Amino acid sequence: MKKSNPLRNSEFHVQSSAVQISTTWGIIEIELVDGKVGGCRLPFLLKRPDAPFAIVKDGNDLVSSFIAAVFSGSNSTPPTLAELEGTDFQQQVWRAIAEIPPGETKTYGELAQAIGRPNAVRAVGSACGKNPVPLFIPCHRVVGSNGGLGGFSCGLPWKELLLTFENAR
DNA sequence: GGCGCCGTCTTCT
DNA sequence: AGAAGACGGCGCC
């Protein structure tokens, strides 16, 4: 098995749709595949916006209530995810990330250990960056071993914000 | 503390 | 085959 189940198999009766949540930091878009979360896009933020973060308008389904919970600091378990497209290595990394409980963090190195490749630290980093569903697979809880933040695919302001809400630091 | 270098591993050209 | 990473460590100002 190399890459498993591409999301874009529109030959079948997979019905995909999108949910949008508008916030003071931009529009968060979530992609649903057969009712399960298959993608999540946050606007890229180079620097922290002046406005304090707030959800302006969200839907009222499971997904957006999860998002609302995330951004209010209350823990809730993520909804079921669709099969994500990625290499075996990436899938392993993502699975390991999914096990980090809210309020806690793991370092890239610890993650590498967790999947049994203690030396693949840097590779773990790039796998994090390819997580198709930030927030749902909490890659913001992965930080550097030196106390640094590491990176975040949609811009570090999000990572800081999320960790603040979970008050992990 | 900060900066540079190198080892290490996966992915993309 | 080579280069590029969301790293980690070590050495050296």
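All values below come from the heavy atoms of this structure, side chains included, with hydrogens, waters and symmetry mates left out. The structure displayed is predicted, hence computed values, not measured ones.
For B/dT8, there is no paired base (Watson-Crick or G-U wobble, both distances below 3.5 Å). With a cut-off of 3.5 Å on both pairing distances, the Watson-Crick or G-U wobble partner of C/dA1 is B/dT13.
Looking at heavy-atom distances under 4.0 Å, A/Ala120 makes contact with sugar-phosphate atoms alone, never a base.
Here the C1' atom of nucleotide C/dA6 and the NZ atom of A/Lys106 are 18 Å apart, to the nearest Å. Here the C1' atom of nucleotide C/dG5 and the NZ atom of A/Lys130 are 8 Å apart, to the nearest Å. Whole-Å rounding puts the A/Glu160 CD to C/dA6 C1' distance at 14 Å. Taking atom CH2 of residue A/Trp94 and atom P of nucleotide B/dT10, one finds them 15 Å apart after rounding to whole Å.
Remark: side-chain polar atoms of A/Thr24 are paired, donor with acceptor, to backbone N or O of A/Ala54 under 3.5 angstrom. Panel note: side chain A/Lys57, backbone A/Gln20; no donor-acceptor pair is recorded below 3.5 Å. Between the A/Trp25 side chain and the A/Ala51 main chain, a donor and an acceptor come within less than 3.5 Å of each other. Side chain of A/Gln91 to main chain of A/Gly86: a donor-acceptor pair is present (N/O by atom type, distance under 3.5 Å, no hydrogens or angles). In terms of modelled atom types and a separation under 3.5 Å, the side chain of A/Trp94 and the main chain of A/Ala127 share a donor-acceptor contact. Remark: the backbone N or O of A/Ile97 is not paired with any side-chain donor or acceptor of A/Lys106 at under 3.5 angstrom.
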- Contact letters for nucleotides 8-13 of chain C, in which S counts primed atoms plus P, OP1 and OP2 and B counts the base, heavy atoms under 4.0 Å: SS----
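Counting only heavy atoms from C-beta on, A/Ser153 has its side chain closest to C/dA6 among C/dA6, B/dT8, B/dT10. Closest to the A/Asn119 side chain, of the nucleotides C/dG5, B/dC9, B/dT11, is B/dC9.
A sub-4.0 Å separation between OP1 or OP2 of B/dT10 and a side-chain N or O of A/Arg117 is present.
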